[in-house]
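In what follows, a single structure is set out as structure tokens and then discussed.
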Amino acid sequence: MKDERKEACIKAAIAYAGSSQRKVAERLGTTPANFNLKLKRGTLSDAELAAIAEVLGCRFIPAAFEFPDGTRM
């Protein structure tokens, strides 16, 4: 089952970091289409979420992204 909150959280973290899904996908070494598909299906692993957080300049806490200014999403 797809978790729409997780997808919304990832999209919000990408926007907060001033990035785009395309830029994140490229930095992760995948295509934007593949990244979007995994995001829509909710099939990103914790390791992939941690990699996304690293690209965004924050850290992944299982169930949250934390930015250097203390903001959590």
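What you see below is based on every heavy atom in this structure, not just the backbone, and it leaves out hydrogens, waters and symmetry mates.
- Asp46 CG to Ile61 CD1: the interatomic distance, rounded to the nearest 0.5 Å, is 12.5 Å.
- Counting all heavy atoms, side chain and backbone alike, Leu56 lies closest to Phe67 at O-CE2, 4.1 Å.
- Once rounded to the nearest 0.5 Å, the distance linking CG of Leu28 with CD of Glu54 reads 9.5 Å.
- Arg22 places no side-chain N or O within donor-acceptor distance of the main-chain N or O of Pro32, the cut-off being under 3.5 Å.
- Atoms CZ and OG1, from Phe65 and Thr71 in turn, are 13.5 Å apart once rounded to the nearest 0.5 Å.
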**Request:** With side chain to side chain contact (heavy atoms under 4.5 Å, CB included) as the test, would you mind laying out the steps for Ile10 and Val24 before giving the verdict?
**Result:** CA-CA 11 Å; Ile10 294 166; Val24 171; over 6 Å; no
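- When side chains are defined from C-beta on, Gln21 counts as touching Lys11, because their heavy atoms get closer than 4.5 Å.
- Inter-residue side-chain proximity for Glu4 and Lys40 is flagged as unmet; no heavy-atom pair is nearer than 4.5 Å.
- Under the rule for a side-chain contact (heavy atoms from CB on, under 4.5 Å), the partners of Thr31 that lie at least two apart in sequence or sit in another chain are Ala33, Asn34.
- With rounding to the nearest 0.5 Å, the separation of CZ in Arg27 from OG in Ser19 is 7.5 Å.
- The structure places CG of Leu44 at 6.0 Å from NZ of Lys38, a figure rounded to the nearest 0.5 Å.
- Counting non-hydrogen atoms of other residues, nucleotides and ligands closer than 6.0 Å to CD of Glu26 gives a total above 12.
- Rounded to the nearest 0.5 angstrom, Leu39 CG and Glu48 CD are separated by 11.0 Å.
- Put simply, the side chain of Ile52 does not reach to within 4.5 Å of the side chain of Phe60, judged on heavy atoms.
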